Amino acid sequence: MEKSEIVAVLEEIAVLLDLKGENPFKIRAYSAGARLLEDLEDDLGKLIAEDRLGEVKGLGKALVEKITELHETGRLEYYEKLKASVPPGLLRMLEISGFGPKKVKKVYEALGVDSIESLRAACEAGKVSELPGFGAKTETNLLRAIENLEKYNRRHLWWDVRAVALPILDGLRELGAVERAEVAGSFRRNLETVGDLDFIVGADDSGPVMDWFAGLPDVAEVIAKGETKTSVRFSNGMQADLRVVPPAQFAFALHHFTGSKDHNVQMRQRALAQGYSLSEWGLFPKDADEATRKSRELHSEEGIFEALGLHFIPPELREGRDELAYAEENRVPRLIEPGDIRGAFHNHTTASDGKDTLEDMARAAAALGWEYLGIADHSKASWQARGLQEDQLREQVARIREWNTSENPPVHLFAGSEVDILKDGSLDFPAELLDTLDYVVLSVHVSMTGMDEKAMTDRIIRALETPLKCRKMLGHVTGRLLLRREGYGVQIPRIIDAAAGNDVAIELNAHPRRLDLDWRHWRRALEKGVTCVINPDAHSATGLALLEAGVRIARKARMEPHEVLNTRNLAEVRAWLGL
DNA sequence: GCCGTTTTCGGCCCGACTGTTTTCAGTCG
């Protein structure tokens, strides 16, 4: 069984144990084990073969045995028995907001409710409010939560959330009572999708800020409103929390609510080991009396990290992976920023499925201050995207050469093509034609389904190995569309090795719905010597701006400017392309 | 289920808000 599938099994075991009312620390061991496995750098098969899996801190005897059994046989009796003992509908019921494992267990045992549908019926019949610990309010809240669950996707694309968040942040900062305001949470960590928005405000008087927030024109429902926290749901379904803290506690609150949860747990454990207790309210001496204890006075996140012997960790890196160990040893480098970008290579025009002409795209790139722009329209197999025929590509190349030799072109254009990787791994255009280009972007668009992981990986690797005179880049590696469809399964480590071995750059597709290759794989790729190229996959002149979403994801992979091809200037890029 | 520079047993991160309760359990982040 593949590692990612084992991770999913461990996570499910944790949820199932939760539903059975098991020891919470046992549950945590399983979910922590899943995370550890997910972040494992070394090959799982190799670790098992060398009997070294137990060396990973957090994986004990029981987990090592279970992971090994899953990896070697694809099955786990413990898991199968556990799963059989819990009705499948109970898992889905956990997605209802405000409804956790304890309540699910109660309605199941008392009323036999085992699905969202039967829960709705039980609420409507007034049976739920009769249970001890439940009341009329719980019942109406449940009905509304079920309705919301069906109506809205629970997560949103980072890019879409930004459009909502920034105007509110500006509004908060303009309020008289507000000293400092930030957006925290997964939005601040630049995660590819965001669940809820978290606003943190430093102010002495919270009342007016809460009232302003709850009264925003787009608020459809006020879920909770207290002295320090207000939760609302906007009419588009997005939920947002506002927390107001005294200015002296702002840095602690900002750090806490930026998370991630795993990062916070590690920070607190580190604090405890150094004789402190860390929370959103401060950094306190561990054994101090509740009533009289005083926090260290720290007014920035930098100060909090420093107090615990760490270099500053940018929000993007706080995922509870290896950032604490890293920040203890090293100063975190200057991460890539949108302003470092000088061009991009994967862009479409009206020749295929783009909305703007070659010339309009070029002028838009110049307006962004870029030095160069690569044009890579679809190839003929992508008929649904009006892919170019061979003679059309030849014409486009001629037009690009003409642009470059015209008087003072505002940007240099590179001639490329987004060439389909066909089902057998061959390319959609003959090598003689591709050799007239400056580069090619190799992508899978056709025959995406019905191939297993190994076959798809072999297919892509064959394309990467195709001998060509021009440079190759691998486009959107997994083909995923966030919140819409999973990518086709591929063996990422093999793809990375093949890209490194054949001098192929890998694309970080910056389209907010793709962000593919996923940031979690990039350290490995860069350490293997793969060149990263961040591409907007623009289908219009305004689409070039999407590149920023890719840069934000690159930051999550701790990428520095020199690790990204399109931070280089025109001369350096020409040299890389062998021109 | 995991872990140990006081430990192989007894701990395991912290706090706000809601609803159903008279002191707290459950959920969330």
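Given the structure is predicted, the values throughout are model-derived calculations rather than measurements. Proteins come first, then strands; the chains are lettered A, B, ... in the order of their sequence lines, and each starts at number 1. Any value given below was found using the heavy atoms of this structure, including those in side chains, with hydrogens, waters and symmetry copies removed.
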Reckon A/K286 touches a base, only the sugar-phosphate, or nothing at all at heavy-atom distances under 4.0 Å? nothing
Test: A/E337 and A/R334 ion pair at under 4.0 Å: yes
Using atom C1' in both nucleotides, what's the gap between B/dC2 and B/dT7 to the nearest angstrom? 14 Å
Is A/S231 touching bases, backbone alone, or none of the nucleic acid, heavy atoms closer than 4.0 Å? nothing
Say you pick atom C1' in B/dT27 and the same atom in B/dT20; how far apart are they, in whole Å? 14 Å
For A/F187 and A/W158, take the angle between the two ring planes, folded into 0 to 90°, and tell me which bin it lands in: parallel under 30, tilted 30 to 60, perpendicular over 60. parallel
Minimum-distance nucleotide to A/K66 side chain [options: B/dG1, B/dG29, B/dC14]: B/dG1
In whole Å, measure the gap between the P atoms of B/dA25 and B/dT21 for me. 13 Å
Taking any heavy-atom pair under 4.0 Å as a contact, classify A/P101: base, sugar-phosphate, or nothing. sugar-phosphate
Assign A/A145 to base, sugar-phosphate, or nothing according to its heavy-atom contacts below 4.0 angstrom with the strands shown. nothing
Describe the nucleic acid contact of A/R243 in one word from base, sugar-phosphate, nothing, applying a heavy-atom distance below 4.0 Å. nothing
Tell me if B/dT7 is syn or anti. Syn = glycosidic torsion within 90° of 0, anti otherwise. syn
If you look at every strand shown and take non-hydrogen atoms under 4.0 Å, does A/F134 touch a base, only sugar-phosphate, or nothing? sugar-phosphate
So does A/R321 pair up with A/E319, basic N to acidic O under 4.0 Å? no
5'-most contact on DNA chain B (nearest-nucleotide basis), A/N23 vs A/A224, goes to A/N23
Is A/R523 salt-bridged to A/D322, going by a charged N under 4.0 Å from an acidic O? no
Rounded to whole angstrom units, what separation is found between the CD atom of A/E139 and the C1' atom of B/dT18? 16 Å
Return no unless some side-chain N or O of A/T138 is found under 4.0 Å from OP1 or OP2 of B/dT20. yes
Give A/I27 one of three labels, base, sugar-phosphate or nothing, depending on what nucleic acid heavy atoms sit under 4.0 Å from its own. nothing
A/K137 side chain N/O closer than 4.0 Å to the phosphate oxygens (OP1, OP2) of B/dG19? yes
Roughly how many Å is it from CG in A/L63 to C1' in B/dG1, rounded to a whole number? 7 Å
Is there a donor and acceptor pair, one atom on the side chain of A/N141 and one on the base of B/dG19, closer than 3.5 Å? no
Using whole Å, what does the distance between atom C1' of nucleotide B/dA16 and atom CZ of A/F252 come to? 18 Å
Ion pair A/R180/A/E301, N-O distance below 4.0 Å: no
Expressed as a whole number of angstroms, how long is the span from A/N264:CG to B/dG29:P? 14 Å
Taking B/dT6 as the reference, what is the distance to B/dG11 when you measure between their C1' atoms (whole Å, please)? 13 Å
Atom pair distance, as rounded to whole Å: NZ in A/K102 and C1' in B/dC28: 13 Å
Please give the nucleotide sitting opposite B/dG19 as a Watson-Crick or G-U wobble pair, both distances under 3.5 Å, or none. B/dC24
Of all the nucleotides listed (B/dC3, B/dG15, B/dT27), which has the minimum atom distance to the side chain of A/K103? B/dT27
Of the listed B/dA16, B/dG29, B/dC2, the closest approach to the A/A62 side chain comes from B/dC2
Under a 4.0 Å N-O cut-off, is there an ion pair linking A/E227 with A/R243? no
Return whichever of A/D196 or A/T228 has its heavy-atom-nearest nucleotide of DNA chain B closer to the 5' end. A/T228
Gap in Å between the two C1' atoms, one belonging to B/dT22 and one to B/dC28, rounded: 24 Å
What's the CD1-C1' distance between A/I67 and B/dG1, to the nearest Å? 12 Å
Of the candidate nucleotides B/dA16, B/dC14, B/dG1, which contains the atom at the shortest distance from the side chain of A/K26? B/dG1
Using whole Å, report how far CD of A/E65 lies from C1' of B/dG1. 12 Å
Can you tell me, in whole Å, how much space there is between the C1' of B/dC9 and that of B/dC14? 25 Å
N-O pairing of A/R173 and A/E182 below 4.0 Å: yes
Taking B/dT8 as the reference, what is the distance to B/dC3 when you measure between their P atoms (whole Å, please)? 16 Å
Separation between the C1' atoms of B/dG10 and B/dG15, rounded to whole Å: 24 Å
Between B/dT27 atom C1' and A/K105 atom NZ, what is the distance in whole Å? 16 Å
Report which part of the nucleic acid A/K229 touches: base, sugar-phosphate, or nothing (heavy-atom distance under 4.0 Å, all strands). sugar-phosphate
Let me see the working for A/E486 and A/R480 under salt bridge (charged side-chain N to carboxylate O under 4.0 Å, His left out), right down to the final yes or no. CA-CA 5 Å; A/E486 297 282 313; A/R480 74 174 180 188; over 6 Å; no
